[in-house]
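Only one structure is covered here, and it is reproduced in the block below.
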Amino acid sequence: MERQDLFLMNTYVAEYTIRSSSLTQAWLLRLNALIPTLRMGELFKVTVLQRSVSFEFEGWVQVNRCSLVATSSDLEGFSYLVRKDFESHILSDEHGFDGRSEPTLDVAPKLFGLMPRGAHIENSSPLYPFELSEKEFLWAKNVTRLYEEAKQNQWSADTDIDWAAIPDLDPVIETAICQVMTYLAENEFSALYIPGKFLSKISPYYMELVMFLGTIIYDEARHIEAFSRRANAKKIGLQYSTTATQRSLYSLFIEKDYFKTSFLLHVLGEGTFLDLLDFLIKYAPDPVTKKIVTLAKKDEQRHVNYGLVHVKALVQANPKRIAYLKEAVDSRKVYLDEMNQDNELLLSSLAILAGGSDEEGYALGYERVQQLKKRMGENRVRRMIECGFDEETAKEISMSHTANFM
């Protein structure tokens, strides 16, 4: 087996000298850690100074499915060239997350554990049951940019809101604010749980999307905190949740298809919410409430932007998918039809904020709320047309959208 030419050619990728009188645990650790870093067929060189260690080392080579391809001995000891004879890892030539690249495979590898893209995974690793592994149904071209925006635009309900500056409002106005905040918070629970439900089903091969969905969950948690704290900032506190709202949110919560959910939540639901938040920004009775809603709207815009690009790409790839999405809206409408009524507590509160609580002011506020609902419908149609829907279908879907807004 002696082949001096292999030693002279320096064909090995690592070299170690063992000076101890036995193959110690420390050296076993070092050699065992070397094996996973080698590709099949690569060589490494080990020199031992004592013959007793050479016997131990030759045994280690056999146990670790390697081959001795050359040996050499001289007055300084015994040298071995060892070849790794198996592939212990699936090797990846892809770039990991760098803020610029995106995943190249259309389907995530089946053997892809909880690791960052670009790493090498051992063949004996368990197969995780990721149900969502096709890029077409998950990816949006803007997801990496939106993730970066989410990081840069984080805010804190503790440090960015001056809670002590909330004025003592008329009790009727304060009660209206508390009712609206209650409604916002319960809807944001829906927008938190739904991405969370899908998060563990998405292969981490699409790590940018997984990380972005993580920011959505954190955004919604922050909104729930801020809206709840605003309701509890004075003596009145959180108000009432209606069955109509809860049924609407439930019909969204139980949807199992990621594509349908992205459309229902991000395009229709949160898209409509943008109009509601604009309304509250305009008619908020105090600067603190206005700031809370303004900050929340910036977050919600990111969520909507993901949904628009995601749905648009899928519709462009196959326009027949529009019927699939319409089916989701129609199915939801059937469930809600028996109680698809306006949330009267919410609408009355919005009217008070937009006009006042006296007869003349309330009438004005009510008219402004009706204008809001009309604007919501028009903008839903506009967003769907942006996604590739024809105007007639977009109008029909908009008319079928839940009265709960979300």
Side-chain angles (χ1 to χ4, degrees), residues 97 99 140 142-167 169 174 176-196 198-199 207-234 236-239 249 262 265-267 269-310 346 349-350 353 379 405-406:
F97 177 78
N142 61 345
V143 71
T144 302
R145 175 178 59 79
L146 292 175
Y147 174 67
E148 295 298 330
E149 287 181 8
K151 289 190 299 180
Q152 295 167 16
N153 290 285
Q154 294 298 303
W155 55 277
S156 167
D158 277 331
T159 59
D160 291 303
I161 306 298
D162 185 0
W163 298 101
I166 298 176
L169 302 171
E174 181 65 26
I177 282 290
C178 292
Q179 181 61 59
V180 170
M181 293 296 140
T182 303
Y183 168 82
L184 293 178
E186 61 184 328
N187 279 269
E188 296 295 60
F189 266 116
S190 174
L192 178 152
Y193 274 110
I194 290 170
F198 287 105
L199 193 59
M207 56 189 296
E208 293 86 348
L209 174 60
V210 171
M211 294 188 295
F212 174 63
L213 291 182
T215 69
I216 289 181
I217 292 171
Y218 182 50
D219 287 343
E220 305 300 5
R222 188 171 56 246
H223 299 173
I224 293 165
E225 176 194 356
F227 296 150
S228 298
R229 287 178 67 172
R230 176 59 189 91
N232 290 315
K234 297 297 180 177
I236 293 175
L238 288 161
Q239 295 297 291
L249 297 180
S262 184
L265 176 62
H266 301 311
V267 177
E270 290 179 312
T272 300
F273 245 53
L274 290 179
D275 296 315
L276 175 59
L277 296 178
D278 274 336
F279 185 87
L280 292 173
I281 291 170
K282 184 174 182 179
Y283 295 112
D286 65 275
V288 178
T289 302
K290 186 183 296 256
K291 184 173 184 180
I292 293 170
V293 178
T294 300
L295 290 171
K297 189 199 168 199
K298 291 180 180 178
D299 297 334
E300 296 295 342
Q301 186 66 67
R302 285 195 301 274
H303 312 168
V304 173
N305 288 345
Y306 164 71
L308 290 173
V309 174
H310 177 222
L346 172 69
S349 296
L350 292 175
L353 295 180
N379 285 336
F405 304 154
M406 180 70 83

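Everything quoted here is computed from the prediction, not taken from an experiment.
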Is any side-chain heavy atom of [X] closer than 4.5 Å to a side-chain heavy atom of [Y]?
X    : Y    : answer
V288 : K291 : no
N142 : H310 : no
Q301 : L277 : no
T144 : Y147 : no
W163 : R230 : yes
I281 : K290 : yes
F405 : L346 : yes
D278 : V293 : no

_So, using ring pair (Phe, Tyr, Trp, His ring centres under 6.0 Å) as the criterion, who are the partners of H303 when residues are at least two apart?_
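For H303 there are no ring pair (Phe, Tyr, Trp, His ring centres under 6.0 Å) partners, ignoring immediate neighbours.
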- Query: Does F212 have any ring pair (Phe, Tyr, Trp, His ring centres under 6.0 Å) partners at least two apart in sequence or in another chain, and if so, which?
  - Reply: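 If we apply the ring pair (Phe, Tyr, Trp, His ring centres under 6.0 Å) test to F212, skipping adjacent residues, the hits are Y306.
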Taking all heavy atoms of [X] and all of [Y], pick out the closest pair and write down the distance.
X    : Y    : value
A191 : P195 : O-CD, 2.9 Å
T182 : Q239 : OG1-N, 2.8 Å
L169 : P285 : CD1-CG, 3.8 Å
G271 : V304 : N-CG2, 3.6 Å
G237 : C178 : O-CB, 3.1 Å
A185 : I224 : O-CG1, 3.8 Å

Checklist entry - If you draw a 6.0 Å radius around CZ in F198, do more than 12 non-hydrogen atoms from other residues or ligands fall strictly inside? => result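 Count over threshold, so yes.
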Can you measure from [atom1] ([X]) to [atom2] ([Y]) and round to the nearest 0.5 angstrom?
X    : Y    : atom1 : atom2 : answer
I292 : L280 : CD1   : CG    : 11.0 Å
L192 : N187 : CG    : CG    : 12.5 Å
D219 : L295 : CG    : CG    : 11.0 Å
L199 : I217 : CG    : CD1   : 5.0 Å
L184 : Q179 : CG    : CD    : 10.0 Å
D160 : R222 : CG    : CZ    : 9.0 Å

Salt bridge (charged side-chain N to carboxylate O under 4.0 Å, His left out) involving [X] - partner list, sequence neighbours excluded:
X    : result
E186 : none
D162 : none
R145 : E149
K234 : D168

Exercise for review: Output yes when a side-chain donor or acceptor of N379 lies under 3.5 Å from a complementary backbone atom of D275, and no otherwise.
Suggested key: no
Does the W155 side chain pair with the main chain of I161, one donor and one acceptor, at a distance under 3.5 Å?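 No; zero donor-acceptor contacts below 3.5 Å.
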Test salt bridge (Lys or Arg N to Asp or Glu O under 4.0 Å) applied to K151 and E148, step by step
CA-CA 5 Å; K151 289 190 299 180; E148 295 298 330; 3.1 Å; yes
message: Does the plane of the ring in F227 sit parallel, tilted or perpendicular to the ring in H223? Use 30° and 60° as the thresholds.
response: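 Answer is tilted, since the angle falls between 30° and 60°.
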Practice problem: For side chain to side chain contact (heavy atoms under 4.5 Å, CB included), just list the numbers for L350 and L276, CA-CA rounded to whole Å, side-chain angles, deciding distance to a tenth of an Å, and then say yes or no. | Solution: CA-CA 10 Å; L350 292 175; L276 175 59; 3.9 Å; yes
### Message
Evaluate N153 against K298 for side chain to side chain contact (heavy atoms under 4.5 Å, CB included), listing each step before the verdict.
### Response
CA-CA 8 Å; N153 290 285; K298 291 180 180 178; 5.5 Å; no
Between R302 and E270, does a side chain to side chain contact (heavy atoms under 4.5 Å, CB included) hold up when you go through it step by step? CA-CA 10 Å; R302 285 195 301 274; E270 290 179 312; over 6 Å; no
Applying side chain to side chain contact (heavy atoms under 4.5 Å, CB included), run through E220 and I216 and close with a yes or a no.
CA-CA 6 Å; E220 305 300 5; I216 289 181; 4.2 Å; yes
